Number of protein chains: 2
Amino acid sequence: MSEGTGGTRQRIQAVALELFTEQGYEKTSLREIAERLNVTKAALYYHFKSKDEIVTSFVDDRLRRMDELIAWAAEQPATLETRRALIGRYADAMFAGELPKVMRFFEQNQTVLKSLVAGQQMRDRMMRLAGELCRGDDSPAAQLRAALTLFAVHSSWFAVRAPDISDDERKKIALEVADELLAKIGS
Amino acid sequence: MSEGTGGTRQRIQAVALELFTEQGYEKTSLREIAERLNVTKAALYYHFKSKDEIVTSFVDDRLRRMDELIAWAAEQPATLETRRALIGRYADAMFAGELPKVMRFFEQNQTVLKSLVAGQQMRDRMMRLAGELCRGDDSPAAQLRAALTLFAVHSSWFAVRAPDISDDERKKIALEVADELLAKIGS
DNA sequence: GTCTATATACTGATAGAC
DNA sequence: GTCTATCAGTATATAGAC
């Protein structure tokens with residue numbers, strides 16, 4: 001919408017996301033964000049009415065995409081093909097654009113996010129996504145496999161320690177391991 | 001060692017661990033801990049010389065156990081049997097006594113722990129443990145499987161949503177899924 | 001749209017009495 | 001071993017000038 005001088009709002013989001021991820025939401029002060037951008041705290045309050053509204057702002061987009069994904073999955077048959085397609089689409093979203101940064105932020109700030117509305121919503125969507133991944137098989141083992149499938153996509157960023165590996169290769173490996181886990185669901 | 005009136009030190013540890021896990025390390029103030037125990041902040045400072053020393057105190061025990069586990073693994077042959085035994089021993093430790101609470105605390109406070117010595121040490125041990133789990137196979141997929149194996153043990157606490165399931169059953173399921181992952185390493 | 005100035009409250013931590 | 005009193009620093013947030 002209104003951008004004014006030059007996307008100050010987006011610059012705030014970018015810096016906040018980076019600092020929240022690096023050192024944690026609580027440990028990052030608005031003063032720190034403002035200093036990094038060479039503006040004052042009060043300037044931040046012009047764009048966002050509170051600290052946690054900054055979080056909400058960059059979470060909303062991701063929330064919307066996950067809702068679309070869940071809705072899509074719900075109207076597919078509960079087959080292995082659907083589960084594979086679902087995790088594939090999820091990985092595509094995870095590795096595309098700015099979303100990986102948002103996910104890293106979530107992984108790193110789980111506890112704080114429990115007391116933030118945006119965090120509760122994300123947790124809810126993750127649970128539902130896991131639910132779709134093991135639809136038709138509500139055994140405990142299936143639930144665990146579904147959760148680990150999502151972890152596989154997330155953790156490929158840090159669990160795989162190889163200096164010269166591309167994002168595409170990381171995604172490929174994550175999906176390979178995810179597929180193994182999914183194959184054991186509902187059989 | 002010296003216990004004085006009645007294990008005040010242990011009571012502080014217990015309450016701190018609970019609050020740190022529930023609402024996060026940064027968000028939990030010493031005032032809050034003191035109030036819960038009906039003592040003053042200054043009383044806390046008698047037992048621990050800083051806030052992060054409280055963390056250190058209940059992490060040290062766990063650190064020692066992980067070192068033993070890593071040392072044991074290092075002198076075994078790099079076979080599937082060793083990997084299975086290693087994750088089995090790890091799960092036993094995870095599900096025994098007060099240690100699960102400490103692990104939950106770690107999962108929930110990753111970011112903050114990056115700036116705490118105790119946290120860095122724990123991260124280091126987890127990496128080494130994952131390293132032992134995929135010794136002899138340094139492919140990226142193997143690294144990911146090793147990390148997921150540890151996740152399987154950790155996440156069985158919350159990923160499996162079943163009201164009437166015992167800890168033993170959770171452990172059994174975790175190890176079942178872990179074994180599947182381990183079987184694909186080094187083959 | 002960004003500023004200065006300020007309000008109010010809480011933080012971790014210390015000194016020293018009892 | 002626990003207290004009172006207090007420190008200096010920082011937090012989020014607001015009011016109002018420019």
Side-chain angles (χ1 to χ4, degrees), chain A residues 1-59 105 109 111-119, chain B residues 1-59 105 109 111-119:
Chain A
M1 309 303 168
S2 63
E3 291 232 355
T5 46
T8 306
R9 197 186 145 92
Q10 276 101 332
R11 288 173 63 229
I12 295 172
Q13 287 176 318
V15 168
L17 182 54
E18 188 187 328
L19 292 179
F20 288 166
T21 305
E22 255 172 44
Q23 44 188 262
Y25 174 81
E26 294 284 347
K27 223 178 183 180
T28 303
S29 66
L30 296 181
R31 179 187 54 76
E32 205 173 352
I33 297 171
E35 270 173 12
R36 185 87 84 108
L37 288 165
N38 277 109
V39 297
T40 59
K41 272 196 296 177
L44 265 50
Y45 276 96
Y46 172 80
H47 292 282
F48 302 95
K49 74 168 190 285
S50 70
K51 188 183 180 183
D52 69 63
E53 218 214 55
I54 301 179
V55 174
T56 308
S57 76
F58 55 63
V59 159
F105 160 77
N109 289 277
T111 311
V112 179
L113 285 166
K114 280 201 285 193
S115 56
L116 260 48
V117 188
Chain B
M1 309 300 170
S2 61
E3 292 233 352
T5 47
T8 306
R9 198 186 144 94
Q10 276 100 333
R11 287 172 63 230
I12 295 172
Q13 287 177 318
V15 169
L17 183 54
E18 187 188 328
L19 291 178
F20 288 166
T21 305
E22 255 173 43
Q23 45 187 265
Y25 174 81
E26 294 284 349
K27 222 180 183 177
T28 303
S29 65
L30 296 179
R31 179 187 53 78
E32 207 174 350
I33 296 170
E35 270 172 11
R36 184 87 83 109
L37 289 165
N38 279 108
V39 297
T40 59
K41 271 199 295 177
L44 265 50
Y45 277 95
Y46 172 79
H47 293 282
F48 301 95
K49 74 167 190 285
S50 70
K51 188 182 181 184
D52 70 61
E53 218 214 55
I54 301 179
V55 173
T56 308
S57 76
F58 54 65
V59 158
F105 161 77
N109 289 277
T111 311
V112 180
L113 285 166
K114 279 200 285 193
S115 56
L116 261 47
V117 187

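Note that the coordinates shown come from a computational prediction; the quantities given were computed from them, not determined experimentally.
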DNA chain D contacts made by residues 16-26 of chain A, counting heavy atoms under 4.0 Å
none
Tabulated below should be each protein N or O lying under 3.5 Å from an N or O of nucleotides 13-15 of chain C; please produce it.
unit_1: C/dA13; atom_1: OP2; unit_2: B/Y45; atom_2: OH; d: 2.7
unit_1: C/dA13; atom_1: OP2; unit_2: B/K51; atom_2: N; d: 3.0
unit_1: C/dA13; atom_1: O5'; unit_2: B/Y45; atom_2: OH; d: 3.0
unit_1: C/dA13; atom_1: N6; unit_2: B/K41; atom_2: NZ; d: 3.3

Do A/Q13 and A/R9 come within less than 4.5 Å of each other through their side chains, counting heavy atoms only?
yes
Closest approach of B/E32 to B/K27 (non-hydrogen atoms, all atoms of both residues)
OE1-O, 3.9 Å
Counting the atoms with a prime plus P, OP1 and OP2 as sugar-phosphate, which does B/T40 contact under 4.0 Å by heavy atoms, base, sugar-phosphate, or nothing?
base
Report the nucleotide, chosen from C/dT11, D/dC3, C/dC3, that has the shortest atom-to-atom distance to any side-chain atom of A/V39.
C/dC3
Measure from NZ or CZ of B/K51 to the centre of the six-membered ring of B/Y25, then state whether that distance is under 6.0 Å and the direction lies within 45° of the axis.
yes
Using side-chain heavy atoms (C-beta onward) and a distance below 4.5 Å, is A/L30 in contact with A/I54?
yes
Parallel, tilted or perpendicular, as decided by the 30° and 60° cut-offs, for the rings of A/F20 and A/F105:
tilted
Do B/V117 and B/D52 have side chains that approach each other closer than 4.5 Å (heavy atoms only, starting at C-beta)?
no
A/S50 and A/Y45 have their tightest heavy-atom pair at CA-CE2, 4.3 Å
Of all the choices, C/dG12, C/dG1, D/dT2, which nucleotide is nearest to the side chain of B/S29 once you look at every atom?
C/dG12
Could you tell me if the side chain of B/L113 sits less than 4.5 Å from the side chain of B/V55, heavy atoms only?
yes
Considering the terminal five base pairs at each end of the helix from C/dG1-D/dC18 to C/dC18-D/dG1, what angle separates the two local helix axes, rounded to 10°?
10°
